[in-house]
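Heads up, the thing below is written out as structure tokens.
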Amino acid sequence: MAVKNNEQALPQKVWRLATVIASAGVGFTDYIIQLTYLLFLKMDYEMTEATGSRSAVPAGYTWADLVKLDGMDLLHHYEETLEVLSEQEGLIGTIFTKAQNKISQPVSLQKVITLIDENDWFDPDIDKGAIYEGILEKNGQDKKSGAGQYFTPRALINAMVDVTRPGIDETVCDPACGTGGFLLAAFSYMKKQSNDRAKLKKLYEEKLIGYDITPLVVTLGAMNVYLHGIETDRSPISCRDSLIKEPEQLVDVILANPPFGTRPAGSVNIADMRGDLYVDTSNNQLNFLQHMMLMLKDGGRAAVVLPDNVLFESGAGEVIRKKLLTDFNLHTILRLPTGIFYANGVRANVLFFSKGGKTESVWFYDYRTGIKHTLATNPIKRSDLDDFVACYNADDLSARKETWSAENPNGRWRKFPVGDILSRDKTNLDISWIKEEGESADDYTLAELFSIIEEKSRNISNAVESLKKLIGDIEE
């Protein structure tokens, strides 16, 4: 008989087993991926048993076919199962995208299967989506896994959704969706807006769109949204390099935290593939920003997490900032503190903009100066962003009121007329005004300082490359 567990106990068991299997040479992320494959098969099997429905999993490759095997027979059949399922259409094919077995020892594979088989994952009183998301978050926290890059703090995601307010009839896209956090938050927000069956059916089947370039992340994301109740024949997440071609459809809302740094090794050169971008650049964040600007419908709106260098980088960065300020309404920038992401020392912002109309003023909320967060002892909470959400005033952006003034120079909410920004050197949006007493390098950890140095080094390198290109164009 399956053992009942609460939402805290089961992830702990999963992680303890991950530690044991790691000693056999299986990495944490590889283990979570294999767990995902097997969890889907177990869930599909129990669902068909309970309802009497026909499984979409081909005969001979179900959970029941796996659990009766052991040793090398189990290993070989599991590998064959992954190959067959990766070739299927729809949800199954997405979850098993380019699936490969990473557990080479039969005894280790048997341990994972036993863990799943002997525990009751599907008790209706337990939120299985929350269990799985807890496992993903734990994997992201583990520095060895390197999976932290796929996570945006839930508190920040929820605040972005709360002010962006996606409607149930709108199409929401995340072109770099990772494990699906933005799509899930939008789904939770949208499904409460109506009980109309036709609208809800469209929400489940059409209104959410997510892409990611990394197959293993697509697997995690597709399973995550599936376990959170988006149970359709087609996953809203698919494996695709968003940047290599023009958007296939325009969308109402974009919520995203595109990957920082360079494109994955072996990726195609964007400049060779796209003729619609405003400017050629090798900067990954600037290319994602351009892509999202082009992806919005007229009247569409976006909330995008981007690193500091997007606010001040010269060359392509300046061209894109001017485009945002003149052809879009870049109305809000939320400045974020370090310590809220799994990568150390990340300095980021959320840019809120809409398509249609020009920028009149840019409102800045400084949630950075004097703010200290750490993942272990003081993680960011949704309540920490309550003041920002209130100042944002999503009901009526024209009725906003500054908290900054000559009498209150440390007010965190301040607007800058677009003319003042366009007249700044390189249209620099890296604006701050609050002075923190005693702020120094001592306020940062060694890892944060190294991260800041690396970022500045990248900016210098990018500037040098831009200058070389400019000189080359002049000489030609």
Side-chain angles (χ1 to χ4, degrees), residues 7 11 29 32-33 35-44 47 56-57 85-86 88-99 121-122 124 126-140 147 149-154 156-158 160-161 164 166 168 170-193 199-240 242 251-258:
E7 291 180 12
T29 300
I32 299 301
I33 289 286
L35 180 76
T36 299
Y37 298 149
L38 294 166
L39 263 178
F40 180 82
L41 290 173
K42 172 76 182 298
M43 185 174 187
D44 176 81
M47 204 182 293
V57 176
L85 297 184
S86 69
Q88 301 302 302
E89 299 292 330
L91 175 67
I92 293 176
T94 301
I95 288 180
F96 289 85
T97 298
K98 297 185 180 180
W121 287 77
F122 311 108
I126 290 182
D127 184 348
K128 50 189 175 286
I131 291 176
Y132 188 72
E133 195 162 17
I135 293 168
L136 293 181
E137 186 170 1
K138 181 71 173 174
N139 188 41
Q149 62 182 302
Y150 308 128
F151 291 91
T152 308
R154 173 64 63 180
L156 178 60
I157 289 175
N158 287 339
M160 291 166 64
V161 170
T164 308
I168 194 168
E170 294 185 307
T171 303
V172 178
C173 180
D174 181 350
C177 66
T179 53
F182 281 106
L183 296 179
L184 286 173
F187 171 73
S188 178
Y189 187 91
M190 297 159 76
K191 71 178 180 179
K192 299 172 184 175
Q193 297 171 18
K199 287 187 176 184
L200 289 170
K201 187 174 187 293
K202 280 194 171 184
L203 171 60
Y204 279 73
E205 297 179 356
E206 302 175 17
K207 297 300 183 181
L208 303 174
I209 303 169
Y211 304 123
D212 202 282
I213 193 174
T214 308
L216 71 85
V217 179
V218 170
T219 292
L220 297 175
M223 187 65 171
N224 198 20
V225 299
Y226 176 67
L227 290 178
H228 276 84
I230 308 179
E231 301 176 10
T232 65
D233 294 333
R234 178 197 68 86
S235 174
I237 294 176
S238 55
C239 191
R240 179 184 302 183
S242 294
V251 300
D252 300 290
V253 178
I254 293 174
L255 296 159
N257 180 4

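Computation of the quantities below employed the complete heavy-atom set of this structure, encompassing side-chain atoms and omitting hydrogens, waters and symmetry-equivalent molecules. Counting from 1, the numbers follow the sequence of the chain as shown. This structure is a prediction, so every number in the text was calculated from the model and none was measured.
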Derivation and outcome, side-chain contact (heavy atoms from CB on, under 4.5 Å), residues Met223 and Tyr132: CA-CA 9 Å; Met223 187 65 171; Tyr132 188 72; 3.8 Å; yes
Measure across [X] and [Y] and return the closest heavy-atom pair with its distance rounded to 0.1 Å.
X      : Y      : value
Leu255 : Ala186 : CD1-CB, 4.1 Å
Leu183 : Gly210 : CD1-CA, 3.8 Å
Cys239 : Ile213 : SG-O, 3.9 Å
Leu203 : Met190 : CD1-CE, 3.6 Å
Gly229 : Tyr204 : O-CE2, 3.1 Å
Cys177 : Ile237 : SG-CG2, 3.7 Å

Val161 versus Pro166: any side-chain heavy-atom pair under 4.5 Å?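 Yes; the side chains approach each other to less than 4.5 Å.
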Is there a side-chain contact between Val172 and Leu208, using heavy atoms and a 4.5 Å cut-off?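 Val172 reaches Leu208 side chain to side chain.
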Just by modelled atom types, is the [Y] backbone N or O under 3.5 Å from a matching donor or acceptor in the [X] side chain?
X      : Y      : result
Gln193 : Ile168 : yes
Ser235 : Ala222 : no
Asp212 : Gly178 : yes
Ser86  : Thr97  : no

Test side-chain contact (heavy atoms from CB on, under 4.5 Å) applied to Leu91 and Asp233, step by step: CA-CA 5 Å; Leu91 175 67; Asp233 294 333; 5.9 Å; no
To the nearest 0.5 Å, how far apart are [atom1] in [X] and [atom2] in [Y]?
X      : Y      : atom1 : atom2 : value
Leu136 : Thr36  : CG    : OG1   : 6.5 Å
Ile95  : Phe40  : CD1   : CZ    : 4.5 Å
Lys98  : Thr214 : NZ    : OG1   : 10.0 Å
Leu35  : Lys42  : CG    : NZ    : 11.0 Å
Asn257 : Met160 : CG    : CE    : 7.5 Å
Leu184 : Thr179 : CG    : OG1   : 8.0 Å

Using 30° and 60° as the class limits, which term best fits the ring planes of Tyr37 and Phe96: parallel, tilted or perpendicular?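 The rings of Tyr37 and Phe96 lie parallel, inter-plane angle below 30°.
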ring-ring contact (aromatic ring centres under 6.0 Å, His included) against Tyr189, all qualifying residues, sequence neighbours excluded: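 Counting only residues at least two positions away or on another chain, Tyr189 forms no ring-ring contact (aromatic ring centres under 6.0 Å, His included).
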